[in-house]
Amino acid sequence: MAHVHTFCLPHYDQYPVHVALFRNLSNAAFLRSQLLEANPAFDYAFLDADMIVSPNHLKSACFHALHHTMTNTLKARTPHSELVFRLHPNNNIGEAYRKFGIADTTSKLIAVKLALSPDVTKDQVADHLGAVVQGDSVPIGDDAAELAMHTDLKKVKTVYKLNEKKTSANPTTDESERKELEAVILGIMTVKGS
Amino acid sequence: MADNPPREGQPDSTTHILPAPFTTSSLTPMTQGAEALVYKTVFLTPTTPCILKYRPPKPYRHPILDRRLTKARLLAEARVLVRARKEGVPVPAVLGGDWDAGWLALEFIEGRTVRAVLDAWVEGWKNRSREGESVEGEAEMKEFMHRIGHAVGRLHECGIVHGDLTTSNLMVRPSATSHSTSSGVLEQGELDGEIVLIDFGLAVQSTRQTQEEDRAVDLYVLERAFAATHPWAEKMFKEVLEAYKKSYKGAGGSLKKLEGVRLRGRKRSMLG
């Protein structure tokens with residue numbers, strides 16, 4: 001059984017979100033093939049942990065995915081692919097999967113399950129992920145802080161085109177720079193494509 | 001525009017249907033402008049406060065036109081904010097939004113407006129001078145003015161013109177420890193706070209041709225707002241301009257234009 005963290009987004013409290021983090025993933029290719037086959041048992045958003053800056057970064061993507069599902073304005077085919085799509089700064093779904101989704105070489109995985117119907121439970125998600133994902137399940141803590149521990153900041157800045165520009169007037173500490181980066185990224189995700 | 005203190009009491013939330021997923025129970029009305037209703041709520045986590053700016057449909061406009069205008073204006077505001085934040089200008093972050101539904105979620109800025117801080121300072125100053133004491137803390141005040149000038153300069157530097165730059169649209173975010181800020185007196189260390197520009201509902205990314213003129217109008221509007229507070233505040237405004245001048249390369253040109261704007265007022269003359 002995998003460690004699963006569950007959170008509820010304000011205003012969409014009725015749809016909990018289940019998150020699990022894995023390290024030393026060894027069957028990325030298998031998981032990806034299941035996504036490509038659109039196997040209904042594998043209806044998750046599988047993300048590369050390199051690309052997630054902070055818990056709020058992930059929560060923002062979840063909010064966008066839920067909001068567009070509930071308002072019938074999905075641009076991708078399913079709520080979970082919408083989640084991957086919403087992370088990317090432009091309107092290309094395939095590229096969103098290449099940048100943020102699972103690749104055959106991914107070793108750190110974040111699996112997200114939006115509980116859109118009440119029969120998706122934490123235990124069931126934990127059981128299923130524990131059975132199909134070959135890797136070390138890592139608890140992410142009550143505040144999901146562990147999600148920010150595996151970021152490849154260089155890769156993230158490249159995707160959001162934040163490299164040459166200074167993201168803050170005075171990025172004094174590592175933590176404040178991360179917060180500033182998060183603030184800019186949430187904005188980019190919100191205004192993208194429209 | 002929208003973030004000014006309420007002028008006609010609290011907005012009546014029952015007359016508007018809120019966009020999904022928001023409900024009256026999850027939002028606290030804060031203020032109302034000509035275009036937008038402003039609420040306080042939480043976003044992404046139950047402990048992250050946020051400002052929700054909602055532009056309700058206007059019944060007197062054709063529905064298609066109404067939707068287009070709302071979308072265009074919200075999106076313009078969001079784009080300018082994201083752009084400014086990317087450049088390191090102190091503005092609220094954009095947390096979320098839905099243009100078709102007419103809402104925008106912004107980072108909540110703690111603290112008071114510059115207007116409230118100035119009022120509090122003037123109040124304290126009056127009391128002190130009545131007691132015959134010298135005006136203390138003037139150096140601190142000058143430094144405060146410099147930071148306002150610098151913040152405006154940083155905004156103009158990246159080609160953004162605010163469009164409604166009043167003292168009510170400048171916030172003072174307390175540096176570390178925040179006290180209750182509802183009182184009329186100046187809090188200890190409040191002048192050390194960070195200046196944050198808010199309400200970009202009328203902001204534009206100015207084109208090169210009109211830039212100096214538009215920036216000058218921004219400064220002029222701010223100058224009028226200072227003048228409206230207190231004669232003393234009007235005198236202090238030159239400190240704002242001094243810091244503004246040093247904050248970016250093209251500032252000199254905008255300040256020159258400001259003299260012309262002062263002579264004729266905010267509106268451009270249609271003659272000659």
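Computation of the quantities below employed the complete heavy-atom set of this structure, encompassing side-chain atoms and omitting hydrogens, waters and symmetry-equivalent molecules. In the text below, chain A, chain B and the rest are named by the order of the sequence lines, each starting its count at 1.
For Arg173(B), the CZ atom counts as densely surrounded, since its 6.0 Å shell holds more than 12 non-hydrogen atoms of other residues, nucleotides or ligands. Other residues, nucleotides and ligands place more than 12 heavy atoms under 6.0 Å from the CZ atom of Arg61(B). By the neighbour-count criterion of 12 heavy atoms within 6.0 Å, atom NZ of Lys122(A) is densely surrounded, having more than that number from other residues, nucleotides or ligands. Residue-environment remark: CG (Asp142(A)) stays at or below the threshold of 12 foreign heavy atoms within 6.0 Å. Heavy-atom contacts from other residues, nucleotides or ligands closer than 6.0 Å to NZ of Lys179(A) number 12 or fewer. Around CD of Glu175(A), the count of heavy atoms belonging to other residues, nucleotides or ligands within 6.0 Å does not exceed 12. Sparse packing is recorded around CD1 of Ile64(B), with 12 or fewer heavy atoms of other residues, nucleotides or ligands lying under 6.0 Å away.
In this structure, Asp98(B) CG and Thr73(A) OG1 are separated by 6.5 Å, a value rounded to the nearest 0.5 Å. Expressed to the nearest 0.5 Å, how far NZ of Lys161(A) lies from NZ of Lys86(B) amounts to 8.5 Å. Annotation: the span from Leu44(B) atom CG to Tyr12(A) atom OH amounts to 12.5 Å, rounded to 0.5 Å.
Chain A forms more heavy-atom pairs under 4.5 Å with one residue of Ala20(B), Pro46(B), Gly96(B), Gly97(B) than with any other, namely Gly96(B). Between chain B and the options Cys8(A), Pro10(A), Ser60(A), Cys62(A), the largest number of non-hydrogen pairs under 4.5 Å is found for Pro10(A). When each of Leu66(A), Asn56(A), Ile185(A) is checked for heavy-atom pairs under 4.5 Å with chain B, Asn56(A) comes out on top.
In this structure, the portion of His67(A) lying under 4.5 Å from any heavy atom of chain B is its side chain and not its backbone. Contacts between Leu27(B) and chain A at a heavy-atom distance below 4.5 Å involve the side chain alone, from C-beta outward. Looking at Leu75(B), only its side chain comes within 4.5 Å of chain A, counting heavy atoms on both sides.
Between His11(A) and Thr41(B), the side chains place a donor N or O and an acceptor N or O closer than 3.5 Å (distance only, hydrogens not considered).
Val94(B) has its side chain out of reach of Leu186(A): every pair of non-hydrogen atoms, C-beta onward, lies at least 4.5 Å apart. A 4.5 Å side-chain heavy-atom check between Val82(B) and Ile188(A) finds at least one atom pair inside the cut-off.
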Audit row: Trp99(B), Val191(A), side-chain contact (heavy atoms from CB on, under 4.5 Å) steps and yes/no: CA-CA 9 Å; Trp99(B) 327 124; Val191(A) 297; 4.3 Å; yes
